[in-house]
Number of protein chains: 2
Amino acid sequence: MVATRQTERTGAAEAMRPHDHGDCIRRVLDEAERRASEDRVNFTPVRRHALEILLESHAAMPAYGLLKRLDEDGFGSQPPVAYRALDFLMEQGFVHKVERLNAFVACMYPHETHTPAFLICRNCRSVAETCVAPTPAALRQEARAAGFAIERSMMEAEGLCRDCAREEDAPCD
Amino acid sequence: MVATRQTERTGAAEAMRPHDHGDCIRRVLDEAERRASEDRVNFTPVRRHALEILLESHAAMPAYGLLKRLDEDGFGSQPPVAYRALDFLMEQGFVHKVERLNAFVACMYPHETHTPAFLICRNCRSVAETCVAPTPAALRQEARAAGFAIERSMMEAEGLCRDCAREEDAPCD
DNA sequence: TTTTTTGGTGTTATACTGTAACAGTATGGA
DNA sequence: TCCATACTGTTACAGTATAACACCAAAAAA
């Protein structure tokens, strides 16, 4: 990723803007570490390493992609290895599943419980998570009227990120 | 489904309330028919029948469930049969994919282009589609700031519908 | 009319995604 | 020490989805 410094927290889709990705990783990892010890949950090596792998980029990674990496790095090679780590990380709110892609991204705002909203590039699969509360009051009202109890929700928007849009404009490849 | 009459269009999650499901089916099917001939698209027997099957209930149906039904009813038996029909129906906006379930539901508002919002019961898989515009202005703004062009978006809320909530309250089964 | 193109169907084969179930290991109480 | 719990390793399998090719019919072009 790009190395331009941007200290301000904008609350916007930072992933798709130039930012210091090293900072990005450190911030999230530290926060996860802190939360895990606070909650007395077992942040074991596989689990930690799975999170580190997902943090390497803002693109969503499929479970079997993660598995391949875990295997290369000396952890197990069978599907449950990856799925168990992912289940743990999702339970802790450290990782989200991007349903549209059947793939996973590290949560960029692990300190807040939230309804995630994703901007998903259909071309490069990069995923920007926003920390906007995307649940309109109207949906809650609908749910109440239907006697439906919302437990968790998510919003996914698919489209083209800036870089991929540029490519499509100038198809000189 | 239940047979209580309810002529009013409420704009709410009708699927999870008592309603005349026959009316429901007829309304959607007629509208699809109309739109298909208007748009000069080929509403072939498999495609029509796939929509009819999905309309039978408000529960989301997996692709292989649809395939089984199509096979029983004399259409092909191989996966592409179902997936092609589904692709067509989704392109036309007659069907939505509920990503959380890897399953499909007939669109209850095929006359409007919209960003669908689903209330998904984690217990019985019933899906209520609302016609609320769930895209908060904030997300659009985020997208603009990130240079991201939203092409389609969707909101999914998982929880418990009224009936399943009752069952969990009184676990006397 | 003949030819070509287009769009839809039928089929095979295969890739990707996810989970059940059981065995083994380590750790921390009772 | 015994037991319970939680995590890991592995096999086997179930469910989801698509690529690719052959076939056919109807529409469009020659």
Side-chain angles (χ1 to χ4, degrees), chain A residues 32 36-37 39-51 53-54 59-92 94-105 120 122 125 127 156 158, chain B residues 32 36-37 39-51 53-54 59-92 94-105 120 122 125 127 156 158:
Chain A
S37 76
D39 298 351
R40 301 255 166 64
V41 295
N42 225 336
F43 205 10
T44 62
V46 224
R47 293 168 174 179
R48 185 190 322 274
H49 196 61
L51 181 56
I53 290 169
L54 289 178
M61 176 172 271
Y64 278 64
L66 174 64
L67 178 59
K68 185 157 170 285
R69 286 291 315 277
L70 287 172
D71 188 20
E72 286 166 5
D73 298 354
F75 299 86
S77 65
Q78 298 306 316
V81 171
Y83 284 105
R84 283 171 186 158
L86 288 168
D87 284 347
F88 171 85
L89 294 170
M90 286 194 292
E91 251 163 44
Q92 302 308 311
F94 299 161
V95 161
H96 297 296
K97 177 169 185 186
V98 182
E99 302 284 353
R100 185 96 80 184
L101 302 175
N102 289 324
F104 304 82
V105 276
I120 306 161
R122 64 168 155 77
R125 293 170 63 107
V127 171
E156 296 185 345
E158 192 181 82
Chain B
S37 77
D39 299 351
R40 302 250 166 68
V41 295
N42 225 335
F43 205 9
T44 63
V46 223
R47 292 167 174 181
R48 185 191 322 274
H49 196 62
L51 181 55
I53 291 168
L54 290 178
M61 178 174 269
Y64 278 64
L66 175 63
L67 178 59
K68 185 158 170 284
R69 287 292 315 276
L70 286 172
D71 187 19
E72 286 166 4
D73 299 353
F75 300 86
S77 65
Q78 299 305 319
V81 170
Y83 284 105
R84 282 168 187 159
L86 288 168
D87 284 348
F88 171 85
L89 294 170
M90 285 194 293
E91 252 164 43
Q92 302 308 310
F94 299 161
V95 160
H96 298 298
K97 178 168 184 188
V98 182
E99 301 283 355
R100 185 96 77 181
L101 302 174
N102 289 325
F104 304 82
V105 276
I120 305 162
R122 66 169 154 76
R125 291 171 63 106
V127 172
E156 295 185 345
E158 191 179 82

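Letters go in sequence order (proteins before strands), and every chain restarts at 1. Please read all numbers here as calculations on a predicted model, not as lab measurements.
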Given side chains that start at C-beta, do those of Phe43(B) and Gln92(B) come closer than 4.5 Å, heavy atoms only? no
Please state how far atom CZ in Arg48(B) lies from atom P in dG8(C), giving the value in whole angstrom units. 14 Å
Leu70(B) CG to dG10(C) C1', in whole Å, measures 14 Å
Is there a donor and acceptor pair, one atom on the side chain of Arg47(B) and one on the base of dG8(C), closer than 3.5 Å? no
Please find the pair of heavy atoms, one from Ala36(B) and one from Phe94(B), that lie closest to each other, and give the distance. N-CZ, 4.4 Å
Evaluate the side-chain proximity of Glu156(A) to Glu158(A): yes if any heavy-atom separation is below 4.5 Å, no if none is. no
Per atom distances to the Gln78(B) side chain, the nearest of dT12(C), dT17(C), dG8(C) is dT12(C)
Separation of Asp71(B) atom CG from dT9(C) atom P, in whole Å? 15 Å
Of the residues in residues 85-92 of chain B, which ones touch DNA chain D at a heavy-atom distance under 4.0 Å? none
For residues Phe75(B) and His49(B), determine if any side-chain heavy atom of one lies less than 4.5 Å from a side-chain heavy atom of the other. yes
For Glu99(A) and dG18(C), what is the distance between atoms CD and C1' respectively, to the nearest whole Å? 12 Å
At a heavy-atom distance below 4.0 Å, which nucleotide of DNA chain D is the first touched by chain A, and which is the last? dC7(D) to dT11(D)
